[in-house]
Amino acid sequence: MLEFMPLILFAAICGVLMFGFPVALSLAGTALLFAGMGLGLEAMGIDANFDSGYLAALPNRLYGIMTNQTLLAVPLFVLMGVLLEKSKVAETLLDAMALLFGSMRGGLGISVTLVGMLMAASTGIVGATVVTMGLMSLPTMLKRGYSTSLATGTICATGTLGQIIPPSIALVLLGDVLSSAYQQAQLDMGIFSPKTVSVGDLFMGALVPGLLLVVMYMVYVGVVAWLRPHMAPAADREELMAELGHTSGIGMLLLKGLVPPVVLIVAVLGSILSGFATPTEASAVGAFGALVLALAYRQLDWATLKDVLRSTTHVTTMVFMILIGAALFSLVFRAYGGEHMVTDLFESMPGGVVGATIIVMLVIFLLGFILDFIEITFVVVPIVGPILLAMGLDPIWLGIMIAINLQTSFLTPPFGFALFYLRGVAPPSVSTSAIYRGVIPFILMQLSMLLLLTFFPQLATWLPEQF
């Protein structure tokens, strides 16, 4: 039984998390408990196959986390997203889009998709985007006669775009972990001058698949509105303008609500893709730009600023606490020989690298029901990443596949996080079954994107290769 301790450790952590204990404390506490068991067994003369030397690397790991320049982008991107949310930039943006497209059938659905894409890119946190879009757009869509399933499905799906649309916090964290995994894989193969993969590379790789998903969503809403007009009726522009409380005209509203946030996001993303700035530098520009927008819209007072800073500190602290717990878990997992066990398992698996990749994607998909992307990125990817990359997979392609896989998991009934978030803010008249029905077509679209990336990996790798 002792030879299966790595698997028991992993199962124990999943079990503890299902009881609702804090993720960071669950990771660190369970890992310390198993480390204590290993040391105790070794002290009693029982061979537990536990190498305590790995624990000596913990101080260096923690120092590396605290001094990681890439991870400095996390609090800045969070600050940028929270500022755009709290300063009602998103609300003005949604109003502008609704007036622009609302007079056509399916127009409100298309508006929600576009605004959700921009908010997902800036916020990068599934829960925040789904809740914000649900509160702002769901009542309007239902009042305008939209099908409940179509409205809720569109909001949930666009909320999960934060996993794949750059500049996403999920991609920042995933890029940092994959960079380390790629270097480790090359060192394991005897390459002592390893190539690197950056967060910017992952941003470029995610751009085409992310935009294709947005186009798929909009085409689906448009087709439904064309075939079944009663599910997505057109809204009268004058009535919509009066309802939203805007009398200054659509041109002025678009200039005020659409141009500034789009320019900000394009500037942040463009500076990264062009190589003009690193993700950390661009995140600082984005945070400053969001602050300027909040001031220009006169939505930033002392109370709002304190709320923004409190939210940013909360998310950032959570991320780094989880990262510290995951580092401890990784060391204990390797001390028990878990890395060699996983390597042997993958190498003996039928189908070689294809079979191993399918199994990893399936496991990540199922874990997405109980773990957030942060835990999966810090716990699972460091274990399987180096092995898959050593088997010849492209790190950018693997990162995009994991991101879309998690996006699909968060959308899949009955345990998808996005469904729970929307259920929490939806009115009682919206049934849970309607939400489940609404997301099914979007799940199929995301699975189609995974298949497209499987057969045409150039969708993710072509753009990074050009720079």
Side-chain angles (χ1 to χ4, degrees), residues 4-18 21 23-24 26-28 30-31 34 61 65 71 126 163-164 168-185 188 197 202 318-319 321-346 349 353 355-391 393 395-410 412 415-417 450:
F4 296 108
M5 285 296 278
L7 297 181
I8 298 173
L9 169 61
F10 190 82
I13 283 182
C14 290
V16 170
L17 289 173
M18 290 185 71
F21 292 106
V23 175
S26 299
L27 289 170
T30 308
F34 273 74
R61 283 287 188 93
I65 292 170
L71 293 179
V126 172
Q163 296 294 114
I164 190 66
S168 162
I169 296 172
L171 293 178
V172 172
L173 300 175
L174 191 58
D176 182 67
V177 172
L178 278 176
S179 176
S180 301
Y182 190 40
Q183 292 184 23
Q184 182 183 334
D188 292 342
V197 56
L202 209 59
M318 177 192 69
V319 170
M321 285 293 291
I322 292 173
L323 184 49
I324 291 170
L328 182 55
F329 162 79
S330 177
L331 289 173
V332 176
F333 185 83
R334 290 178 178 176
Y336 274 112
E339 190 175 15
H340 299 295
M341 175 183 287
V342 175
T343 302
D344 294 339
L345 177 66
F346 281 6
M349 194 172 291
V353 65
T357 305
I358 292 174
I359 293 298
V360 168
M361 289 297 165
L362 182 60
V363 169
I364 289 177
F365 179 83
L366 295 176
L367 286 176
F369 289 153
I370 59 173
L371 301 179
D372 201 354
F373 77 90
I374 302 173
E375 297 94 83
I376 294 175
T377 299
F378 290 154
V379 176
V380 181
V381 177
I383 295 173
V384 301
I387 303 168
L388 290 177
L389 295 175
M391 297 174 79
L393 292 184
I396 297 174
W397 178 84
L398 179 61
I400 305 307
M401 289 289 285
I402 291 173
I404 297 179
N405 189 12
L406 284 175
Q407 179 186 355
T408 308
S409 177
F410 294 158
T412 302
F415 302 114
F417 284 159
L450 285 173

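Just so it is clear, the structure is predicted and the values come from calculations on it, not from any experiment. Counting from 1, the numbers follow the sequence of the chain as shown.
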Engineer: Can you give me the closest heavy-atom contact between Leu202 and Leu171, atom names plus distance?
Structural biologist: CD2-O, 3.5 Å
Engineer: Let me confirm one number: the CD1-CG distance from Ile374 to Leu323, rounded to the nearest 0.5 Å.
Structural biologist: 10.0 Å
Engineer: Could you state the interatomic distance from CE (Met401) to CG (Leu406), rounded to the nearest 0.5 Å?
Structural biologist: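 Met401 CE to Leu406 CG: 11.5 Å, rounded to 0.5 Å.
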Engineer: Looking only at heavy atoms, which two atoms of Pro382 and Thr377 are closest? And how far apart?
Structural biologist: CD-O, 3.2 Å
Engineer: What are the two closest heavy atoms between Val332 and Leu9, and how far apart are they?
Structural biologist: CG1-CD2, 4.0 Å
Engineer: Could you pull out the closest heavy-atom pair between Ala356 and Leu388, with the gap in Å?
Structural biologist: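 Scanning both residues, the minimum pair turns out to be CB-CD2, 4.0 Å.
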Engineer: Applying side-chain hydrogen bond (donor to acceptor under 3.5 Å, both in side chains), name anything that partners Gln184, two or more places apart in sequence or on another chain.
Structural biologist: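 Counting only residues at least two positions away or on another chain, Gln184 forms a side-chain hydrogen bond (donor to acceptor under 3.5 Å, both in side chains) with Arg334, Glu339.
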Engineer: Applying side chain to side chain contact (heavy atoms under 4.5 Å, CB included), run through Ile164 and Ile400 and close with a yes or a no.
Structural biologist: CA-CA 7 Å; Ile164 190 66; Ile400 305 307; 3.8 Å; yes
Engineer: Going from CD on Gln163 to CD1 on Ile404, what distance comes out if it is rounded to the nearest 0.5 angstrom?
Structural biologist: 10.5 Å
Engineer: Apply ring pair (Phe, Tyr, Trp, His ring centres under 6.0 Å) to Phe333 and list each qualifying residue two or more places apart in sequence or on a separate chain.
Structural biologist: Phe329
Engineer: List in chain and number order the residues that pass side-chain hydrogen bond (donor to acceptor under 3.5 Å, both in side chains) with Thr408, two or more places apart in sequence or in another chain; answer none if no residue qualifies.
Structural biologist: Gln446
Engineer: Excluding sequence neighbours, so at least two apart, what forms ring pair (Phe, Tyr, Trp, His ring centres under 6.0 Å) with Phe34?
Structural biologist: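 Counting only residues at least two positions away or on another chain, Phe34 forms no ring pair (Phe, Tyr, Trp, His ring centres under 6.0 Å).
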Engineer: Could you measure the distance from the OH atom of Tyr182 to the CG atom of Leu393? Nearest 0.5 Å is fine.
Structural biologist: 11.0 Å
Engineer: Within this structure, what is the CD1-CD1 distance for the pair Ile376 and Ile402, rounded to the nearest 0.5 Å?
Structural biologist: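 Taking CD1 in Ile376 and CD1 in Ile402, the distance rounds to 9.5 Å.
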Engineer: If you look only at distance, which donor and acceptor atoms sit under 3.5 Å apart when one is on a side chain in residues 357-367 and the other is two or more places apart or in another chain?
Structural biologist:
unit_1 : atom_1 : unit_2 : atom_2 : d
Thr357 : OG1    : Val353 : O      : 2.7

Engineer: Search all heavy atoms of Ala181 against all heavy atoms of Gly385 and return the closest pair with its distance.
Structural biologist: CB-C, 4.2 Å
Engineer: Going from CG on Asp176 to CG on Leu71, what distance comes out if it is rounded to the nearest 0.5 angstrom?
Structural biologist: 4.5 Å
Engineer: Check side chain to side chain contact (heavy atoms under 4.5 Å, CB included) between Val16 and all other residues, then give those that pass, not counting sequence neighbours.
Structural biologist: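 Residues passing side chain to side chain contact (heavy atoms under 4.5 Å, CB included) with Val16: Phe21, Ser26, Thr30.
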Engineer: Sequence neighbours left out, what passes side chain to side chain contact (heavy atoms under 4.5 Å, CB included) with Ala24? Give chain and number order.
Structural biologist: Met321, Ile322
Engineer: Between Ala28 and Leu328, what is the shortest heavy-atom contact and its length?
Structural biologist: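 Smallest heavy-atom distance, with atoms named: O-CD2, 3.6 Å.
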